[in-house]
Protein chains: 2
Amino acid sequence: MADSFPLPVLGGDAPLYDQLYRHIAGAIRSGALSPGARLPSKRRMCALAGVSMSTVETAYSLLAAEGYVLSRPRSGYVCADLLPPAPAVPAHPPETAPAPAPKWAYDCSTSAVDVSVFPFSSWARITKEAVYENPGLLQRGHPQGDGPLRAALAQLLSQYRGVRCSPDQVVVGAGADHLLSLLLQLLPEQRAVALEDPGYPAAYAAAALHGREALPIPVDGEGMVPEALDASGAGLAYVTPSHQFPLGVSMPAGRRSRLLHWAASAQNRWLIEDDYDSEFRWSSRPIPALQGMDRAGRVVYLGTFSRSIAPAIRAAYLILPPGLLERYRHTFSHGACAVSRFEQESLRRFLVQGLYGRHLRRTGNLYRKKCALFAGALADIPGAEISGAEAGLHFLLTLPRYTEEELVERAAARSVRVHPLSRYCHAAPPRPSTVVLGFAGLTMEELAQAAALLRKAWE
Amino acid sequence: MADSFPLPVLGGDAPLYDQLYRHIAGAIRSGALSPGARLPSKRRMCALAGVSMSTVETAYSLLAAEGYVLSRPRSGYVCADLLPPAPAVPAHPPETAPAPAPKWAYDCSTSAVDVSVFPFSSWARITKEAVYENPGLLQRGHPQGDGPLRAALAQLLSQYRGVRCSPDQVVVGAGADHLLSLLLQLLPEQRAVALEDPGYPAAYAAAALHGREALPIPVDGEGMVPEALDASGAGLAYVTPSHQFPLGVSMPAGRRSRLLHWAASAQNRWLIEDDYDSEFRWSSRPIPALQGMDRAGRVVYLGTFSRSIAPAIRAAYLILPPGLLERYRHTFSHGACAVSRFEQESLRRFLVQGLYGRHLRRTGNLYRKKCALFAGALADIPGAEISGAEAGLHFLLTLPRYTEEELVERAAARSVRVHPLSRYCHAAPPRPSTVVLGFAGLTMEELAQAAALLRKAWE
């Protein structure tokens with residue numbers, strides 16, 4: 001048996017005992033040496049491998065210490081039974097070539113942003129300074145996010161959004177998905193979540209991932225319908241008041257007040273205010289956040305920089321009401337903040353050095369022009385109605401002459417990708433044929449060209 | 001009523017209609033204007049505020065559009081009932097001064113690392129280049145993490161840890177906590193999780209946060225005890241084979257094989273291999289990862305850079321077995337990768353430019369010396385026994401002369417912080433008085449001084 005031993009070829013920089021050890025361990029793991037097979041005697045191995053006795057002894061000791069071989073009286077070393085009896089599966093999944101992505105000439109997706117005005121050189125300078133000037137940031141930071149960033153966020157939200165909070169209430173996380181996940185972990189007694197219908201798919205996905213029932217609540221021209229929320233029995237509701245996704249409705253103050261009433265009128269009711277797109281409002285002043293109107297401490301405010309800076313900036317934040325703070329700290333006492341401290345510090349500098357405000361003004365002007373151009377070019381398609389274009393980075397177009405499917409397919413035939421509204425609908429009654437049109441990721445020229453194609457497709 | 005109207009003071013850069021609108025909206029939100037109160041007539045408001053009729057009309061229209069006021073025939077505009085009746089709570093939580101952190105002269109925590117040799121200038125250069133050279137990174141990336149980073153990780157793990165995987169199997173996430181959370185979301189049918197006892201507190205916390213039962217499985221001198229795992233009925237087990245936390249045991253190949261047998265011998269059984277501290281091994285060669293021995297595709301490999309680079313680097317990764325890939329993609333089809341693409345690209349450069357390997361060699365040499373110094377200085381305390389010092393950044397010291405509590409308190413009396421082993425124990429039978437000693441965060445001088453103090457405390 002010992003003579004069938006696969007001969008080691010030793011060489012290279014590593015110590016010889018280590019090479020010998022690796023060679024034999026590899027043969028046992030791969031099955032080249034079967035369970036129960038005897039290793040050559042130490043003396044024979046010296047001859048086989050052309051190494052000294054101490055080299056062989058060290059290698060064999062390591063193999064025995066780690067359980068690759070067993071030392072048996074009078075038999076020397078025999079290989080252990082390491083391999084599970086289960087059938088082997090390929091370590092690599094079958095190489096399924098990904099389906100070739102359809103080539104769209106123009107993609108009116110709602111998640112793209114315009115990065116042409118992103119201040120690369122400022123961001124590069126800031127990230128470099130954040131590393132150089134803060135060696136302490138390499139160590140573990142505050143689990144809610146670093147204090148200076150939380151202070152800057154509290155200040156920013158107070159100034160821009162009328163949010164009332166102290167830095168203590170801020171929790172920094174890695175994107176809206178991650179923060180929604182934390183919130184659902186924080187509120188395990190909330191077995192059902194009221195969600196806007198039509199609504200944000202990732203909120204539905206988060207509820208499902210955490211084993212909660214998603215309760216679709218209809219949306220009217222002012223946002224989530226309070227009577228339906230009342231009737232749902234939910235204790236937790238997720239809303240997008242600044243620019244309802246996907247309808248584009250801005251929730252007026254009266255409806256906001258009505259939702260706050262709902263939250264305040266029973267124990268353990270919470271509103272999640274996802275303030276996405278609040279930075280971009282074209283036709284009137286922004287309405288301050290629901291959070292700032294909340295006297296009962298029932299609003300959890302959620303914000304990101306995915307659209308106001310770029311999807312690449314993952315740092316996002318919650319503002320917890322005071323009544324959830326203790327619970328948060330207790331629940332996540334083992335956790336670390338999910339955002340790199342260098343990225344936190346870079347973002348803080350971007351905010352407090354005024355670069356964020358400047359970037360918002362530049363992108364706001366750009367998006368305002370894009371929205372006007374694209375909506376204007378589509379508005380005079382006979383029978384077309386545009387809605388939700390007062391704010392945010394997408395709007396809706398309704399054109400009952402075609403079915404929704406026809407609208408999408410006729411656009412696709414001209415290589416323009418648009419999404420059907422029904423994609424975001426759950427229990428809501430059918431609406432007239434409507435598509436969702438994002439414009440932020442296309443240039444002004446591209447928008448003009450896409451609009452010309454869509455007019456041909458839909459006229 | 002109109003005469004009790006709080007007089008607006010207008011000035012500043014914003015348009016006058018906007019200032020007037022904000023003033024009135026603020027008064028309604030704050031309660032200074034009660035529900036039902038009449039606004040001054042438009043004409044009277046012109047006089048009160050000293051502005052034109054068109055300014056007042058614009059402001060009143062905005063207020064009406066947003067639901068702050070209602071237009072009543074013959075009464076003009078009256079304030080809406082916005083405020084929930086619930087008692088107001090302070091917007092800021094009571095300013096509880098945080099309890100002053102105890103001042104330890106020496107903190108033997110297990111989570112600190114030595115950042116004195118961190119290559120700041122290389123990292124700063126890399127992060128700057130990552131921003132400058134990759135404007136495309138601002139857009140949304142692959143939900144599992146960017147392809148080039150996943151390829152670099154697969155290559156690294158194959159080379160250093162014997163992991164067998166394709167880049168397709170890699171999932172990049174924001175730290176071990178985040179990835180454990182994703183895994184539990186991925187495996188909702190696993191209602192119980194087998195965990196090492198004593199074991200890693202964050203794994204117990206993750207199970208609780210996702211509503212799973214934590215099943216403590218005893219650990220012996222080779223790691224998790226397979227018979228107890230068999231008997232537990234769990235289908236999911238979390239293990240730390242390279243350096244069991246906190247006992248410091250390295251799992252020999254025989255035990256690894258036994259756990260792989262367990263996983264392969266029934267449908268839907270999975271092993272999570274948390275390969276923490278695998279980079280640091282002092283007395284023999286690293287044993288390749290469990291994942292590389294797994295023929296049945298039942299191991300999920302988990303790795304981070306928290307200790308091998310620094311806690312600040314949040315990017316961490318899972319290697320999913322092929323059998324979970326489709327399910328992962330389906331389950332998280334709405335998600336975005338939680339790690340900034342700039343950080344992903346910086347890390348990739350750190351890996352492929354050889355900086356990571358160099359950093360590991362430098363820190364490895366440093367930690368090896370620290371371990372030898374600290375363990376050596378404590379080993380000759382009469383009756384003391386040191387274990388788990390063959391690998392990793394902490395070891396255990398057992399000294400039955402004192403109770404565990406006395407060991408901790410006598411150290412604290414000399415301003416040295418050590419943790420009791422029982423802190424990490426659940427159902428495990430009591431062990432002799434043992435403390436956990438981390439050494440990575442202290443300098444060589446500090447370790448010598450801390451050891452001298454501990455000798456006095458415990459002799």
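So you know, we letter chains A, B, ... as the sequences are listed, proteins then strands, and number each from 1.
The side-chain heavy atoms of B:Tyr132 and A:Ser121, taken from C-beta on, include a pair separated by under 4.5 Å. Using a 4.5 Å cut-off on side-chain heavy atoms (C-beta onward), A:Val339 and B:Arg314 make no contact. Two residues are said to be in side-chain contact when any heavy atoms from C-beta on lie closer than 4.5 Å; B:Val131 and A:Phe120 meet this criterion. A:Phe332 has its side chain within reach of B:Leu209: a pair of non-hydrogen atoms, C-beta onward, lies under 4.5 Å apart. Residues A:Ser181 and B:Ser181 form a side-chain contact, since some pair of their non-hydrogen atoms from C-beta on lies under 4.5 Å apart. Within the 4.5 Å cutoff, the side chain of B:Arg341 has no heavy atoms near those of the A:Pro311 side chain.
Environment of CD in A:Glu133: crowded, with over 12 heavy atoms of neighbouring residues, nucleotides or ligands closer than 6.0 Å. Atom CZ of A:Arg140 has 12 or fewer heavy atoms from other residues, nucleotides or ligands within 6.0 Å.
Most heavy-atom pairs under 4.5 Å with chain B: of the set A:Ser346, A:Ala206, A:Cys337, A:Ala176, this distinction falls to A:Cys337. Your options are B:Tyr204, B:Tyr21, B:Trp262, and the one with the most heavy-atom pairs under 4.5 Å with chain A is B:Tyr21. Counting heavy-atom pairs under 4.5 Å between each of A:Ala316, A:Pro288, A:Gly292, A:Gly175 and chain B puts A:Pro288 at the top. Annotation: maximal heavy-atom pairing with chain A below 4.5 Å, among B:Ile126, B:Leu137, B:Val113, occurs at B:Val113. Between chain B and the residues A:Ala253, A:Gly254, A:Ala310, the most heavy-atom pairs under 4.5 angstrom are made by A:Ala253.
Note that the OG1 atom of B:Thr127 and the CD atom of A:Glu343 stand 11.5 Å from one another [nearest 0.5 Å]. Separating the OG atom in A:Ser257 from the CD1 atom in B:Ile28 is a distance of 11.0 Å, to the nearest 0.5 Å. The distance from the CG atom of A:Leu138 to the OG atom of B:Ser306 is 11.5 Å, given to the nearest 0.5 Å.
For chain B, no part of A:Arg256 is nearby; none of its heavy atoms comes within less than 4.5 Å. Both the backbone and the side chain of A:Gln139 come within contact range of chain B, with heavy atoms under 4.5 Å apart. For B:Arg258, no part sits under 4.5 Å from any heavy atom of chain A, backbone or side chain. When heavy atoms are compared at a cutoff of 4.5 Å, A:Tyr68 approaches chain B by way of both its backbone and its side chain.
Heavy-atom minimum distance, A:Ala174 versus B:Ala338: CB-O, 3.3 Å.
Taking the six-membered ring for Trp and thresholds of 30 and 60 degrees, A:His210 and B:His210 have nearly parallel ring planes, at less than 30 degrees apart.
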